[in-house]
Amino acid sequence: ESWRITLTLPVLNHASMALFLVTGEAKAQIVAEAFGNAPHDGQHPCELVVPLQGDREILLDQAAASKL
């Protein structure tokens, strides 16, 4: 038997802290688009996570941050 917990966007945006941990060069372009100023079409789901009364922290390794 397995358990599943689903956290919806409203639940995430009511958190006191949303923490993103991103590693690797393969994620660099997405990081630049979602958290930097790189132009892109549409919206990445992580861009929608903005706590209403909390903080959003983004932790990156050097490779993931390479296009910022």
Side-chain angles (χ1 to χ4, degrees):
E1 180 178 334
S2 62
W3 292 83
R4 178 179 174 171
I5 297 173
T6 301
L7 297 175
T8 62
L9 190 57
V11 171
L12 294 171
N13 282 334
H14 279 88
S16 60
M17 166 72 75
L19 178 67
F20 291 88
L21 175 62
V22 187
T23 62
E25 186 178 352
K27 300 295 183 187
Q29 185 61 40
I30 299 296
V31 167
E33 293 172 1
F35 302 118
N37 293 321
H40 60 289
D41 294 330
Q43 208 169 30
H44 299 293
C46 60
E47 293 177 84
L48 301 174
V49 178
V50 183
L52 300 172
Q53 295 183 2
D55 296 316
R56 180 174 75 169
E57 297 288 332
I58 302 143
L59 303 177
L60 309 169
D61 68 2
Q62 189 172 8
S66 65
K67 294 189 178 185
L68 290 177

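Closest non-hydrogen pair, Ala34 versus Cys46, comes out as CB-SG, 3.6 Å. Closest non-hydrogen pair, Pro51 versus Ala15, comes out as CB-O, 3.5 Å. Residues Leu60 and Ala65 share a closest heavy-atom pair of CD1-CB, 3.8 Å.
Residues forming a side-chain hydrogen bond (donor to acceptor under 3.5 Å, both in side chains) with Glu47 (at least two apart in sequence, or on another chain): His40.
Taken together through direct or relayed side-chain contacts under 4.5 Å among Ile, Leu, Val, Met, Phe, Trp and Tyr, Ile58 and Leu9 form part of one hydrophobic cluster.
With values rounded to the nearest 0.5 angstrom, Glu33 atom CD is found 8.5 Å from Asp41 atom CG. Atom OG1 of Thr8 and atom NE2 of His14 lie 10.0 Å apart (nearest 0.5 Å). Summarising the geometry, atom CG belonging to Asn37 is positioned 9.0 Å from atom CG belonging to Leu68; distances are rounded to the nearest 0.5 Å. One distance of note links CD1 of Ile30 with NZ of Lys67; it measures 9.5 Å at 0.5 Å rounding. Taking OG from Ser66 and CG from Asp61, the interatomic distance works out to 8.5 Å, rounded to the nearest 0.5 Å. Note that the CZ atom of Arg56 and the CG atom of Asn13 stand 9.5 Å from one another [nearest 0.5 Å].
Applying side-chain contact (heavy atoms from CB on, under 4.5 Å) to Val49 and the options Leu19, Leu7, Leu12 leaves one that passes, Leu12.
The 12-atom threshold is exceeded at CD of Gln43, counting heavy atoms of other residues, nucleotides or ligands nearer than 6.0 Å.
Within the 4.5 Å cutoff, the side chain of Phe35 has no heavy atoms near those of the His44 side chain. A heavy-atom distance below 4.5 Å is not found between the side chains of Glu57 and Phe20. Side chains of Leu59 and Val22 form no contact here, defined as non-hydrogen atoms less than 4.5 Å apart.
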